[in-house]
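Below is one structure, written out as structure tokens; the observations come after it.
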There are 2 protein chains.
Amino acid sequence: MDGVKSLKLPKVKRQELLKETIEQTPFITDEELAKKFSVSIQTIRLDRMELSIPELRERIKSVASHQWNETVRALPLEDVIGEIVDLELDKRAISILDISQEHVFSRNNIARGHHLFAQANSLAVAVINDELALTAKSELKFTRQVKQGERVVAKAFVEGDNDKGLTIVHVDSFVDNEKVFTGVFYMYRTAEEKGES
Amino acid sequence: MDGVKSLKLPKVKRQELLKETIEQTPFITDEELAKKFSVSIQTIRLDRMELSIPELRERIKSVASHQWNETVRALPLEDVIGEIVDLELDKRAISILDISQEHVFSRNNIARGHHLFAQANSLAVAVINDELALTAKSELKFTRQVKQGERVVAKAFVEGDNDKGLTIVHVDSFVDNEKVFTGVFYMYRTAEEKGES
DNA sequence: ATTACTATTAGTACCAAGTCATAATTACGG
DNA sequence: CCGTAATTATGACTTGGTACTAATAGTAAT
């Protein structure tokens with residue numbers, strides 16, 4: 001099929017392609033890779049080692065767990081938009097999100113509001129120490145435009161519960177200490193603070 | 001850990017629980033299941049057969065490939081979220097969004113708030129007859145949970161401008177005529193109210 | 001009690017897709 | 001031609017299974 005022209009690639013080149021190939025189609029076995037590059041399985045395995053690419057099953061697992069992370073029951077970190085850099089359940093959390101091309105309007109390079117919201121909202125969910133946390137209500141303000149290339153730091157802190165049992169979480173987002181977004185999230189939670197299955 | 005009380009469950013009951021358990025945590029091995037239910041591995045395997053539940057690796061694979069298929073670099077937060085079915089600039093707009101797997105929390109199949117927000121927010125942006133429209137402020141309420149498989153219809157109508165020159169857009173989202181989300185968006189615009197591109 | 005049947009457990013051989021370690025072979029540059 | 005790097009081969013072992021066979025325990029019916 002997509003044979004490699006019988007030209008035996010030099011090692012580095014092959015490894016580059018190998019990496020790409022696996023990134024694109026992580027479900028490929030060493031055997032198939034060996035055929036594809038016309039080398040032995042062992043060579044592929046050496047390559048994987050040198051590139052520290054895990055084996056098929058681990059790759060599949062990691063792809064799968066992105067969607068269905070088992071640790072979600074404890075901490076939905078995988079589901080968070082942005083990257084969590086600090087987290088103390090039911091107290092506070094911080095995440096960062098680098099605004100890249102896919103977050104902005106193509107015309108003016110300004111970040112689209114829903115990404116800032118998503119970052120803040122998912123942080124509010126993550127900070128809640130509960131399996132089921134949902135946003136019931138929120139008030140937001142976008143105080144400054146965020147441009148492509150900027151790094152948004154969202155800081156959440158849990159204020160406590162209101163009369164209706166909703167947990168109030170404040171999230172403020174900054175770019176270089178300048179506030180770009182502020183929001184209050186009223187979170188619904190199962191309130192069964194612990195018991196698992 | 002979460003042993004099953006040494007009470008040996010009847011077969012049917014065990015199989016029910018088995019099914020649930022696997023649905024919830026598909027990464028569990030037969031061995032772990034055997035321990036959990038205090039039966040032998042073989043029993044678990046018989047159970048799986050009778051329930052036609054595939055083995056661990058197949059389960060993982062299917063979870064992974066599901067995700068992979070949907071992830072063909074078509075991220076949910078990209079263009080206009082949802083599909084616009086009606087639009088009269090500076091007046092009203094309607095969009096629909098079918099809630100699928102990628103919109104929900106894996107644990108409970110409830111749609112994540114930021115998707116509803118994204119749909120509403122991008123609709124609010126779209127309805128503004130201006131090249132540059134940004135959300136300055138908004139107030140939202142999530143009035144009902146939305147589950148996977150449901151179709152969310154978001155309806156936006158432009159109320160007008162407030163004293164600060166922000167355009168006020170109301171967006172209400174429904175599933176089967178039941179309101180699931182309501183929001184007011186205060187939109188910043190360049191104010192050059194005119195033709196489009 | 002004997003039979004019948006279901007449920008459960010045990011044990012074997014086998015498989016895929018690996019790891020790990022060791023050795024042999026080939027390729028290539030100086 | 002020699003030395004080193006790259007590649008290939010080989011074998012033992014691992015996980016998490018399938019497929020199949022056989023044995024055992026428990027219960028109900030006759």
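Chain naming here is simple, since letters A, B, ... match the order of the sequence lines and numbering starts at 1 in each.
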| Nucleotide dT9(C), atom P - distance to CG of Leu46(B) in whole Å | 10 Å

| Donor-acceptor side-chain pairing of His103(B) and Gln148(B) below 3.5 angstrom | no

| said: Just N and O in the side chain of Thr43(A): are any of them under 4.0 Å from OP1 or OP2 of dT7(D)? | reply: no

| task | Quick one: list whatever passes side chain to side chain donor-acceptor pair (under 3.5 Å) with Arg57(B), sequence neighbours left out. | result | none

| task | Give the rounded distance in Å between these two atoms: CD1 of Ile41(B) and P of dT9(C). | result | 11 Å

Protein-nucleic acid N or O pairs under 3.5 Å, nucleotides 13-15 of chain D:
from    : atom 1 : to       : atom 2 : distance (Å)
dT15(D) : O2     : Arg57(B) : NH2    : 3.0

| said: Tell me the interatomic distance from Arg59(B), atom CZ, to dG16(D), atom C1', rounded to whole angstroms. | reply: 10 Å

| note | Here the distance between atom P of dA7(C) and atom CG of Leu18(B), to the nearest Å, is 15 Å

| Of Ser40(B) and Ile28(A), whose nearest nucleotide on DNA chain C comes first from the 5' end? | Ser40(B)

| request: Taking only the side-chain nitrogens and oxygens of Thr29(B), find out if one of them lies under 4.0 Å from OP1 or OP2 of dG16(D). | output: no

| query | Quick one: Leu51(B) CG to dA7(C) P, roughly how many Å, whole number? | reply | 13 Å

| note | Here the distance between atom P of dG17(D) and atom CG of Leu56(A), to the nearest Å, is 15 Å

| So, does Thr43(B) use its side chain to make a donor-acceptor pair with the main chain of Val39(B) at under 3.5 Å? | no

| note | The ring pair (Phe, Tyr, Trp, His ring centres under 6.0 Å) partners of Phe117(B) (sequence neighbours excluded) come to Phe117(A), Phe185(B)

| request: Given side-chain hydrogen bond (donor to acceptor under 3.5 Å, both in side chains), test Ser100(B) with Glu102(B) step by step and report yes or no. | output: CA-CA 6 Å; Ser100(B) 63; Glu102(B) 80 250 29; 2.8 Å; yes

| Okay, side chain of Arg59(B), backbone of Pro54(B): is any donor-acceptor separation there less than 3.5 Å? | yes

| field | Side-chain ion pair, Glu150(B) and Lys147(B), N-O less than 4.0 Å | value | no

| N or O in side chain of Arg14(A) less than 4.0 angstrom from dT7(D) OP1/OP2 | yes

| said: Quick test of your reading: applying salt bridge (Lys or Arg N to Asp or Glu O under 4.0 Å), list the pairs with at least one residue in residues 166-177 of chain B, sequence neighbours left out, ordered by first then second residue. | reply: Asp172(B)-Lys179(B)

Atom pairs, protein N/O to nucleotides 18-24 of chain D N/O, distance under 3.5 Å:
from    : atom 1 : to       : atom 2 : distance (Å)
dT18(D) : OP1    : Arg48(B) : NH1    : 3.3
dT18(D) : OP1    : Arg48(B) : NH2    : 3.4
dT18(D) : OP2    : Arg48(B) : NH2    : 3.0

| field | For Phe142(B), all residues meeting ring pair (Phe, Tyr, Trp, His ring centres under 6.0 Å), sequence neighbours excluded | value | Phe181(B)

| Rounding to a whole Å, what distance do you find between Leu33(A):CG and dA17(C):P? | 12 Å

| field | Separation of dA17(C) P from Ile22(A) CD1 (nearest whole Å) | value | 14 Å

